[in-house]
Amino acid sequence: MFDRKGNEPMGDEDIPPAFVGESDLVRGRLEKLRLWRERGVEPYGLGFSRGDNTAEIKERFASLADGEESGYRASLAGRLMALRRHGKACFADLEDREGKLQLMASLDSLGEEGYTLFQDLDIGDIVGVEGEVFRSRRGELTLRVFSFTLLSKSLRPLPEKWHGLKDVELRYRQRYLDMIVNPQVRENLLVRVKTIQALRRFLDGHGFIEVETPMLQPIPGGATARPFVTYHQALGQNLYLRIAPELYLKRCIVGGLEKVYEINRNFRNEGISYKHNPEFTMLEFYWAYVDYLALMDFLEEMVSAVVGEVKGALSFPYQGRDLDLTPPWRRVTMSRLVSEAVGCEISSGTPERELRAIAAEREVPLEEGWGPGKIATELFEKLVEPNLWEPTLVMDYPREVSPLARAHRNDPFLTERFELIVAGREIANAFSELIDPLDQRERFEEQARQRERGDEEAHVVDYDYLRALEYGMPPAGGLGLGIDRLVMLLTDSHSIREVILFPHLRPES
RNA sequence: GGGCCGUUAGCUCAGUCGGUAGAGCACCGGACUUUUAAUCCGGGUGUCCUGGGUUCGAUUCCCAGACGGCUCACCA
């Protein structure tokens, strides 16, 4: 049934236990695996010395005429993605990381024995090939195969060649398959890699040094979020997966490192959505002796440099709409935006009851303990933020929602903080850092009161951090940028899962 | 966590007003030495997500559950 030589198909008793119950397609391939071994061919190779890759070959012989021979002998390795058998000749597509190249194997080029073996290859098998490059009569650059080696036998059939793998659950659970058959996955990954490389290059080029700070923290700080908890056996102590590196990076500034950054994972124990994954990648940098005004200029410069490098343009479509990241970006205060949205003037002096009335009128639900600053921010997030499409630097967030940011030089109700909003989402968050240890202590104490009132996301007091500030921290600006969300923009992805290789899913049942 | 939708062959999908199901690709057999979604001839390969219920009979109807998507809430 599966064997050209007339052997009996594999009975249940011959199936390795792990494969009982598998489809006939898998059984057929197990049978072939056995046949390769019977013929003295080990179907799982040790390696292959390849001298070329598909992209190089295509570039090098781009001008070869139809039907012309190059005389160049190449060696390639990769996965067979298509087979077109024509009796005594056979065409195949070989895919490596750089792309695809057509193979042509024939009775003439391989001889009877070799050609018989070649015909037993399956789509999905990984092979090494050697042969001469030519361009076929139909104009396809092709490798005429003189010899080949099976490097890895594929036991499972690949998804369909035309429709590919669409089932999103399978795509995420078996991302390796998604990578094999959906080129977009690899392209998105490449954009991500290039973006991170470009960010590092930009920051390194501006005198920043990359540091690594704890992922396991005894006190989770630097953001308002619920942490994951874990336990250190030897110390008998709870540890938390970090929700942000902020407080450690600022300790570095106290320590005199002046310009530091970290690109790494944060973990937040919250819901999962198209824009949230429990672990996500952040860039944070801290820069001594600058304030948030300087950071706005710097962020514009950094993002436009990085996006220009990765995309080749600052203007591109996102989800069917044009997006233009060319600086300068609109700079506007949060209170101005909220005022415009609600149609009356909101300022630091607006009393809480007035803000509550506006919220009620706009059907924005509020909670009991919230003060005017939190309410104003809530109005901003509900009524304004989703509608900010073009890049906007939203300035001067209330002190109440910014426990680590310096008080505003002109308004003690506010802080010197801004967020970059693009396509309705927060991409970056930055501020003039709060370096006054007494002010910081008060902010922590206020957070502790909120915690006591049941706000699990409020900060825990970090006494060592306060002690660090008491030694003296230079004035500094700090910025956090969500890498995943930036990459979502650059890859035109609706879901964060398209830019994270292995997004979190519930276990398979 | 709430609401809505989905789950049928290896993959992409039809379908069954309740009588255990079908198409393309893939796969198997045959023909074919320039194809590229190769073509031609023949072959359907299945726990219709799981567990209960109703029924002579459930993949279909009802209930519960699992997983996924969208969305709301929370957040970045």
Side-chain angles (χ1 to χ4, degrees), chain A residues 1-4 6 9 21-29 31-32 66-67 81-93 100-110 115 122-124 134-142 144 154-174 177 181 222-226 243-244 266-284 365 367 381-382 385 419-421 425-429 455-457 480-486 488 494-497 503 505-509:
Chain A
M1 183 177 181
F2 302 111
D3 177 13
R4 292 184 169 81
E22 288 289 353
S23 71
D24 286 350
L25 282 72
V26 174
R27 287 166 169 242
R29 290 192 175 204
E31 177 64 18
K32 277 191 179 170
D66 292 1
M81 294 301 288
L83 284 165
R84 295 177 289 280
R85 295 191 172 96
H86 291 259
K88 297 187 183 65
C90 176
F91 293 90
D93 295 337
K100 263 184 203 177
L101 192 77
Q102 175 166 268
L103 307 179
M104 179 173 150
S106 66
L107 196 56
D108 293 344
S109 71
L110 279 169
Y115 190 64
D122 287 310
I123 292 173
F134 74 107
R135 190 175 294 282
S136 74
R137 293 208 283 265
R138 298 288 181 95
E140 184 78 23
L141 200 65
T142 304
R144 180 177 288 108
S154 170
L155 295 180
R156 295 185 182 277
L158 291 177
E160 205 227 351
K161 64 183 171 187
W162 191 240
H163 297 93
L165 184 66
K166 286 190 171 168
D167 183 314
V168 284
E169 184 173 353
L170 281 184
R171 286 188 49 227
Y172 299 149
R173 286 201 194 282
Q174 295 182 256
L177 256 194
V181 300
T224 49
R226 184 178 313 192
I243 55 177
N266 289 347
F267 307 86
R268 298 194 185 170
N269 204 341
E270 288 155 358
I272 297 171
S273 80
Y274 71 96
K275 49 181 173 174
H276 297 92
N277 195 62
E279 50 184 301
F280 62 101
T281 302
M282 282 276 281
L283 158 68
E284 286 200 17
E367 285 177 26
E381 286 175 358
K382 288 292 176 306
E385 194 175 76
E419 291 193 353
L420 169 64
I421 310 294
R425 288 174 210 161
E426 181 191 335
I427 300 295
N429 177 26
D455 182 355
E456 286 183 64
E457 294 183 348
L481 185 146
I483 302 283
D484 311 277
R485 291 199 176 165
L486 178 61
M488 283 168 74
H494 170 69
S495 170
I496 196 169
R497 292 171 169 182
L505 295 177
R506 285 196 169 82
E508 284 181 78
S509 51

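Naming convention: chains lettered A, B, ... in sequence-line order (proteins, then strands); numbering from 1 in each chain. The model shown is predicted, which means the values in this text are computed figures rather than measured ones.
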* To do: Would you indicate which nucleotide in B:rU33, B:rC74, B:rC28 comes nearest to any side-chain atom of A:S106?
  => B:rU33
* Report the nucleotide, chosen from B:rC27, B:rU12, B:rA76, that has the shortest atom-to-atom distance to any side-chain atom of A:L165. => B:rU12
* To do: Look at the aromatic rings of A:H494 and A:Y274 and report parallel, tilted or perpendicular, splitting at 30° and 60°.
  => parallel
* Residue A:E457, side-chain atoms from C-beta onward, closest of B:rU36, B:rC74, B:rA37 -> B:rC74
Sub-3.5 Å pairs of nitrogen or oxygen atoms, protein against nucleotides 7-9 of chain B:
none

* Asked: A:S273 side chain N/O closer than 4.0 Å to the phosphate oxygens (OP1, OP2) of B:rC70?
  -> no
* Which whole number of Å gives the distance between the P atom of B:rG29 and that of B:rG65? -> 48 Å
* **Closest listed nucleotide, where the reference is the side chain of A:R268 and the choices are B:rU12, B:rU34, B:rA76** => B:rA76
* Asked: How close do A:P157 and A:V26 get, heavy atom to heavy atom, and via which atoms?
  -> CD-CG2, 4.3 Å
* To do: Between B:rA66 and B:rA26, how far apart are the P atoms? Round to whole Å, please.
  => 39 Å
* To do: Could you pull out all residues at least two apart from A:D93 that satisfy side chain to side chain donor-acceptor pair (under 3.5 Å)?
  => A:R84
* Please determine, for the side chain of A:E169, which listed nucleotide (B:rC27, B:rC67, B:rA76) has the closest atom? => B:rC67
* Asked: For A:L177, does its backbone N or O pair with a side-chain atom of A:Q174 as donor and acceptor, under 3.5 Å?
  -> no
* Can you tell me if the side-chain N/O atoms of A:K275 get under 4.0 Å from OP1 or OP2 in B:rC72? -> no
* **Selected nucleotide, minimal atom distance to A:F134 side chain, candidates B:rC27, B:rC11, B:rU34** => B:rU34
* Considering only atom C1', compute the distance from B:rU8 to B:rU47 and round it to an integer number of Å. => 11 Å
* To do: For the side chain of A:H494, starting at C-beta, report the closest nucleotide among B:rC70, B:rU36, B:rU34.
  => B:rC70
* **Under-4.0 Å side-chain N/O to phosphate OP1/OP2 contact, A:K32 with B:rC28** => yes
* Most 5' of A:K166 and A:Q102 on RNA chain B, judged by nearest nucleotide -> A:K166
* Separation of the P atoms in B:rC41 and B:rA23, to the nearest angstrom -> 15 Å
* To do: Please report, rounded to the nearest Å, how far the P atom of B:rA73 is from the CD atom of A:E367.
  => 13 Å
* For A:F134, ring-ring contact (aromatic ring centres under 6.0 Å, His included) partners two or more places apart -> none
* To do: Report the distance from atom OG1 of A:T142 to atom CD of A:Q102, rounding to the nearest 0.5 Å.
  => 4.0 Å
* Asked: Which whole-number value in Å describes the distance from A:L158 CG to B:rA37 P?
  -> 18 Å
* Structure fact -> Checking B:rC11, B:rA76, B:rU45 against the side chain of A:E160 (C-beta onward), the nearest is B:rC11
* To do: Would you please name every residue forming a salt bridge (Lys or Arg N to Asp or Glu O under 4.0 Å) with A:K382, sequence neighbours left out?
  => A:E378
* **Qualifying residues under salt bridge (Lys or Arg N to Asp or Glu O under 4.0 Å), relative to A:E169, sequence neighbours excluded** => A:R173
* Structure fact -> Separation of B:rG68 atom C1' from A:I272 atom CD1, nearest Å, is 12 Å
* Please state whether the phosphate of B:rU39, meaning OP1 or OP2, lies under 4.0 angstrom from any side-chain nitrogen or oxygen of A:R84. => no
* To do: Ignoring the backbone of A:E270, work out which of B:rC11, B:rA76, B:rA37 is nearest its side chain.
  => B:rA76
* Asked: Do any side-chain nitrogens or oxygens of A:R156 fall under 4.0 Å of OP1 or OP2 in B:rG10?
  -> no
* Structure fact -> B:rU45 -> Watson-Crick or G-U wobble partner, both distances under 3.5 Å, gives B:rA26
* Asked: Could you state the CZ-P distance from A:F91 to B:rC32, rounded to the nearest angstrom?
  -> 16 Å
* To do: Report the residue (A:Y274 or A:A225) whose heavy-atom-nearest nucleotide on RNA chain B is the more 5′ of the two.
  => A:Y274
* Structure fact -> Whole-Å distance, A:D122 CG to B:rC11 P, equals 17 Å
* Determine: side-chain N/O of A:R226 to OP1/OP2 of B:rC74, distance under 4.0 Å, yes or no. => no
* Structure fact -> With sequence neighbours left out, the residues meeting side chain to side chain donor-acceptor pair (under 3.5 Å) with A:R171 are A:D178, A:E498
* Presence of donor-acceptor pair under 3.5 Å, side chain of A:D93 and base of B:rU36 -> no
* Given the P atoms of B:rC62 and B:rU16, what is the spacing between them in whole Å? -> 15 Å
* With centres under 5.5 Å and planes under 30°, do A:F280 and B:rA76 count as stacked? -> yes
